[in-house]
**Student:** 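Got a structure for you, questions after.
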Amino acid sequence: MLVSITSTTPDAGDLGFLLHKHPNRVRSVDVAGGRAHVFYPEATPERTTATLLVEVDPVRLSRPVGSKKSKSGPAPANLEPYVNDRPYVASSMLCVAIGRLFGTALAGRCDTRPDLVDTPLDLELAVPVVAARGGVDAVKRLFGPLGWSVEAEVLPLDPAFESWGDSRYVSLVLKGAQTVKDALAHLFVLLPVLDDAKHYWVGESEVDKLLRRGGAWLPKHPDREFIARRYLRFASLSRDALARLAEGDADIDGQDDRHNAGEEEIERPISLNQQRLTAVTEAVLAAGGGRVVDLGCGEGRLLERLIAEPQVMELMGVDVSLWSLDKAERRLRLENMSERRREKIRLVQGALTYTDARIRGADVATIVEVIEHLDAERLDVFARVVFGDAAPSTVIVTTPNREYNVNFEGLEPGRLRHGDHRFEWTRAEFAAWVESVNQEFGYTAEFFGIGPEHPETGPPTQMSIFRRGVAYEPSNPGAGS
Ligand code: SAH
């Protein structure tokens with residue numbers, strides 16, 4: 001993997017001072033899982049390029065963290081740890097190398113030429129292979145607002161086989177007048193955000209790193225929440241970072257509102273959230289209540305409604321985010337709850353992309369505004385976990401209707417309602433997914449709209465109520481097997 005930094009501001013050789021690397025020498029250091037080199041393919045007063053090349057040893061990379069004696073470790077069950085894209089794509093490993101080799105430049109120090117530190121240069125950053133979830137759009141969205149002109153091209157999966165389509169990699173050239181320290185900081189923060197698969201565990205110190213590298217520009221970036229969340233991966237940490245970026249102007253509750261601000265703000269004029277909760281609660285009761293699981297329960301707004309219903313005998317909230325579960329616990333005031341109610345409800349952490357014995361045997365499962373947070377390629381697994389394995393009698397799913405978005409003031413055309421939404425479906429797209437679930441797992445479904453129905457775009461939220469095993473069609477022996 002490599003990245004090249006070119007300066008065309010005379011004297012372009014100043015780049016060498018700023019990077020603290022002499023153009024006539026190659027500098028190499030060991031980095032976790034490989035070795036990094038800096039060299040200059042060209043160095044003239046008109047144009048100077050420094051290239052950072054990281055050679056990754058996939059075998060070293062696959063060793064468990066902290067284990068030096070890999071031979072004693074158990075052999076992995078498959079080749080995946082060895083055969084992956086990490087050696088070839090710009091990712092968080094490149095950022096580790098940037099930190100190691102350009103740490104002083106990144107920190108904005110240049111003792112020999114302090115005048116250069118804050119001087120914008122005409123720079124060109126070239127990264128031939130960037131792992132970019134969200135493709136060219138994501139790259140433009142992230143780098144564009146920072147003043148770069150972005151040239152990004154999706155790389156084909158295999159140039160020899162056009163029909164195989166695109167890869168998830170992009171070749172990237174950024175051009176702009178930037179200080180070297182900002183340019184490096186942009187790469188340092190945004191490459192892992194694009195890659196979305198950091199190779200090392202994200203911990204508290206990552207918050208500090210993000211604030212240090214992003215402090216100057218992240219607070220003004222329109223996608224700062226998305227960036228912080230992706231960079232930190234864990235919701236509670238990103239909230240901490242965002243709060244500190246905003247200079248502590250909110251308590252925990254305030255932070256949450258900010259996190260959801262986009263979506264709630266957009267939907268507020270039609271109080272969609274309340275209408276959704278009412279519609280889902282009614283559907284749960286119509287299905288007879290009983291044992292109910294709320295999958296992706298978030299902060300427990302639906303649980304709060306359901307726990308008050310005598311027809312709901314047992315209630316479980318599942319979410320992947322501990323932070324959300326913590327909020328739910330406080331919203332429900334679990335501590336102060338009567339013994340009887342307390343026994344009725346459980347909050348558990350779990351991911352909907354892994355089979356989970358705890359959710360088997362429920363009468364009703366609710367999945368409210370969750371599926372659009374899952375990667376489209378994980379939806380099959382999700383369906384297997386919920387409809388195939390847990391297999392509740394009734395499943396209630398809600399998701400935004402993308403067609404309706406044109407009616408929201410304050411939502412730019414083409415934008416989704418929330419930075420974390422991986423997709424928003426049209427009615428036809430939702431119907432197609434519902435149909436495929438029905439076919440595969442032997443459910444039948446009915447569709448409902450939630451919120452004001454628009455004659456052309458339909459309602460803002462779409463809901464499907466699935467029932468297991470009803471109207472099984474013998475003419476289609478594949479269904480339900
Ligand atoms: N149902 C709630 C929350 C919706 S927000 C409501 O309507 O208010 C989406 C929720 O799904 C978040 O709380 C998020 O943490 C959770 N989530 C996202 N991916 C998940 C996964 N793979 N497994 C479990 N929960 C997930």
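Residue numbers run from 1 in the order of the sequence given. Order of listing sets the numbers, starting from 1, for every ligand and every atom in it.
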**Student:** Number the atoms of ligand 1 from 1 as they appear, then name those within less than 4.0 Å of a heavy atom of G350, with their elements.
**Tutor:** 23 (N), 24 (C)
**Student:** Please indicate whether any nitrogen or oxygen in L352 is less than 3.5 Å from any nitrogen or oxygen in ligand 1.
**Tutor:** yes
**Student:** Which of the numbered atoms in ligand 1 are below 4.0 angstrom from a heavy atom of G298?
**Tutor:** 3 (C), 13 (O)
**Student:** Is there a polar contact, in the sense of an N or O pair closer than 3.5 Å, between V370 and ligand 1?
**Tutor:** no
**Student:** Is the closest basic N to carboxylate O distance between D166 and R168 below 4.0 Å?
**Tutor:** no
**Student:** Does R427 reach the side chain of F447, with side-chain heavy atoms less than 4.5 Å apart?
**Tutor:** no
**Student:** At a 4.0 Å threshold, what atoms of ligand 1 neighbour a non-hydrogen atom of S321?
**Tutor:** 15 (O)
**Student:** Identify which of I367, V320, L374 has a heavy atom lying nearest to atom 22 (N) of ligand 1.
**Tutor:** L374
**Student:** Strictly below 4.0 Å, N to O, side chains only: are K344 and E314 in salt-bridge contact?
**Tutor:** no
**Student:** Is the number of heavy atoms from other residues, nucleotides or ligands under 6.0 Å of E153 CD greater than 12?
**Tutor:** no
**Student:** Just wondering, more than 12 heavy atoms not from M313 lying within 6.0 Å of its CE?
**Tutor:** no
**Student:** Under 4.0 Å between a Lys/Arg side-chain N and an Asp/Glu carboxylate O for D195 and R230?
**Tutor:** no
**Student:** State the atoms of ligand 1, each with its element, that fall below the 4.0 Å cut-off from a heavy-atom position in H373.
**Tutor:** 5 (S), 9 (C)
**Student:** Is it true that R467 and E446 make a salt bridge, defined as a side-chain N closer than 4.0 Å to a carboxylate O?
**Tutor:** yes
**Student:** Of the choices E369, Q349, R422, which has the non-hydrogen atom that lies closest to atom 5 (S) of ligand 1?
**Tutor:** E369
**Student:** I need the atoms of ligand 1 closer than 4.0 Å to a non-hydrogen atom of C297, numbered in the order shown.
**Tutor:** 2 (C)
